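Report on the structure given below.
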Amino acid sequence: MPELPEVETVARSLRPRLVGREVQAVETSGLALRRPVDQRALRKALVGARVDSVVRRGKYLLFAASSPTAGAQLVVAHLGMTGRFVFADHDAPVEPHTHARFLLDDKGPRELRYVDARRFGQIAVYPAATAERSDELSVLGVDPLEPAFTVAWLRAELATSRRDLKSFLLDQGRIAGLGNIYVCEALHHARLSPRRRADRVTSDAALRLHAAIREVLETSIANRGTSFSDYVDADGELGSNQEALFVYGREGERCRAPGCRGTVRRIVQGGRSSFFCPVHQR
DNA sequence: GCATTACCCTGAAAGC
DNA sequence: TGCTTTCAGGGTAATG
């Protein structure tokens with residue numbers, strides 16, 4: 001399940017082999033992802049274009065490209081649940097659920113492919129000048145690894161919401177990039193219950209939460225992400241952060257917090273599983 | 001504003 | 001063994 005650390009790892013693995021390359025052709029499967037993929041728009045924007053950068057914002061991958069005919073472009077991609085970008089040779093067998101193929105120049109692997117079994121992902125392209133106003137990017141909140149994500153900002157934001165912390169932290173319009181795994185882990189580190197109301201988080205607890213969010217994300221990036229089933233980076237490498245999880249997916253097992261004798265519980269909030277230790281998360 | 005539910009989709013796991 | 005059902009989840013939309 002790609003969340004911020006997994007998307008960051010993908011961006012880092014794509015960058016050295018993609019930046020500076022020219023796109024020569026684009027093919028799509030014709031099947032809709034979360035939204036339909038506009039093959040004509042992708043071709044018009046990208047064929048003949050050079051990739052200038054690959055960055056992450058929240059859970060989105062942003063590919064900047066400059067086209068001699070179409071000008072500066074931004075490809076906005078989301079991996080959904082099972083999306084993967086993989087490099088392949090042009091004549092390599094096309095694996096099932098491949099929805100986009102970007103033929104590249106001959107200075108490296110000839111194709112970048114997007115593979116997504118569940119088709120919850122997304123690929124769109126916008127002129128760079130208007131991309132910030134797109135449906136995807138215009139609604140994103142603060143990226144938790146950016147300087148704008150401060151303790152003061154988090155305290156102020158918490159005070160404006162009566163929702164429970166689980167829903168609050170998953171809201172991409174407030175904090176962009178956290179998903180189910182890292183919300184569970186961050187709350188565990190901060191010793192806060194996922195059921196706690198956001199506006200009832202004390203100043204000290206907000207400080208802990210801020211540090212916990214940064215810590216779980218940075219640890220996972222160092223571990224190249226969490227791989228449960230589908231997630232691999234653009235080199236096909238699995239992450240190892242699943243071994244570092246304290247609560248996610250550990251229902252019924254002993255809490256791993258030092259000195260805690262609690263048992264990890266699973267509850268459902270907003271249709272999503274929350275894993276937490278009721279003994280030390282309050 | 002917020003909670004709840006359904007939907008999109010496939011594959012793995014559970015149940016029979 | 002083999003079929004059917006259930007579940008997982010990010011984001012969006014409809015409904016209450």
Side-chain angles (χ1 to χ4, degrees), chain A residues 1-10 28-37 56-62 76-85 94-100 114-124 134-141 143-144 156-187 193-201 217 220 225-232 238-239 241-242 245 247-252 264-276:
Chain A
M1 292 152 247
E3 303 180 25
L4 186 156
E6 291 75 32
V7 179
E8 179 64 31
T9 303
V10 171
T28 65
S29 67
L31 291 172
L33 302 176
R34 197 173 84 220
R35 295 176 176 178
V37 180
R56 176 198 59 75
R57 185 176 319 161
K59 300 180 198 173
Y60 284 93
L61 282 168
L62 307 181
V76 177
H78 196 292
L79 301 175
M81 295 287 300
T82 53
R84 289 182 283 132
F85 277 101
V94 178
E95 65 178 299
H97 311 299
T98 298
H99 297 291
Y114 179 73
V115 184
D116 188 352
R118 290 185 202 176
R119 288 154 55 193
F120 278 15
Q122 188 182 349
I123 299 176
S134 64
D135 289 349
E136 294 85 4
L137 301 184
S138 64
V139 296
L140 286 187
D143 190 289
E157 198 74 6
L158 284 163
T160 67
S161 175
R162 300 169 61 167
R163 309 176 75 183
D164 60 49
L165 277 176
K166 179 66 183 296
S167 304
F168 174 89
L169 293 171
L170 282 176
D171 183 350
Q172 303 298 299
R174 293 184 186 268
I175 302 173
L178 294 178
N180 208 16
I181 295 174
Y182 298 105
V183 167
C184 291
E185 294 297 309
L187 288 171
S193 167
R195 294 187 283 208
R196 172 87 73 99
R197 252 174 61 167
D199 61 356
R200 293 189 179 161
V201 173
L217 294 175
S220 184
T226 299
S227 292
F228 273 119
S229 52
D230 302 285
Y231 164 73
V232 291
L238 295 166
N241 197 63
Q242 58 278 9
L245 300 180
V247 280
Y248 187 84
R250 297 189 60 247
E251 181 183 16
V264 177
R265 273 194 63 196
R266 185 180 79 95
I267 60 173
V268 175
Q269 294 177 287
R272 304 282 187 266
S273 293
S274 292
F275 297 90
F276 71 110

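The sequence lines fix the lettering, A, B, ..., with proteins before strands; numbering per chain opens at 1. Remember, predicted model here, so these are calculated numbers, not experimental data.
Every residue two or more places apart in sequence or in another chain was checked for a side-chain contact (heavy atoms from CB on, under 4.5 Å) with A/V139, and none qualifies. Partners of A/V264 by side-chain contact (heavy atoms from CB on, under 4.5 Å), not counting sequence neighbours, listed by chain and number: A/V247, A/R250, A/F275. Remark: A/Y60 pairs with A/H78 by the ring-ring contact (aromatic ring centres under 6.0 Å, His included) rule, at least two apart or across chains. With sequence neighbours excluded, the residues satisfying side-chain contact (heavy atoms from CB on, under 4.5 Å) with A/R119 are A/L31, A/L33, A/H99. Applying the side-chain contact (heavy atoms from CB on, under 4.5 Å) test to A/T98 and every residue at least two apart in sequence or in another chain returns A/V94, A/E95, A/R101, A/R113, A/V115. By the side-chain hydrogen bond (donor to acceptor under 3.5 Å, both in side chains) test, A/D171 pairs with no residue at all, sequence neighbours left out. For A/F276, there are no ring-ring contact (aromatic ring centres under 6.0 Å, His included) partners two or more places apart in sequence or in a different chain. Every residue two or more places apart in sequence or in another chain that forms a salt bridge (charged side-chain N to carboxylate O under 4.0 Å, His left out) with A/R57 is listed here: A/E132.
For the helix from B/dC2-C/dG16 to B/dC16-C/dG2, the angle separating the two terminal helix axes comes to 50°, with each axis derived from five pairs and the value rounded to 10°.
Atom P of nucleotide C/dG10 and atom CZ of A/R119 are separated by 19 Å, given to the nearest angstrom.
With the nearest nucleotide of DNA chain B identified for both A/H97 and A/R163, A/R163 has the one nearer the 5' end. Positionally, the nearest nucleotide of DNA chain B for A/R162 lies more toward the 5' end than for the other of A/R34 and A/R162.
Inter-residue side-chain proximity for A/Q172 and A/L140 is flagged as met; some heavy-atom pair is nearer than 4.5 Å.
Without hydrogens or angle criteria, A/E185 side chain to A/Y248 main chain gives a donor-acceptor distance under 3.5 Å. Judged purely by atom type and a 3.5 angstrom limit, A/E251 has no side-chain atom pairing as donor or acceptor with the backbone of A/G249.
For the residue pair A/R118 and A/T82, no side-chain donor N or O sits within less than 3.5 Å of a side-chain acceptor on the partner.
Open room surrounds CZ on A/R162; 12 or fewer heavy atoms of other groups in view lie less than 6.0 Å from it.
Proximity of residues 168-176 of chain A to DNA chain C (heavy atom under 4.0 angstrom from any strand atom) is restricted to A/Q172.
Stacking annotation: A/F120 is not stacked on the base of C/dG11 (requires ring centroids less than 5.5 angstrom apart and an interplanar angle below 30 degrees).
If you check distances only, the side chain of A/R272 does reach the base of C/dG11 with a donor-acceptor pair under 3.5 Å.
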Do any N or O atoms of the protein come closer than 3.5 Å to N or O atoms of nucleotides 6-8 of chain C, and which pairs are they?
residue: C/dA8; atom: OP1; partner: A/R266; partner atom: NH1; Å: 3.1
residue: C/dA8; atom: N3; partner: A/R118; partner atom: NH1; Å: 3.1

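If you walk DNA chain B from 5' to 3' and mark each nucleotide with an atom closer than 4.0 Å to a heavy atom of chain A, the marks span B/dC2 to B/dG11.
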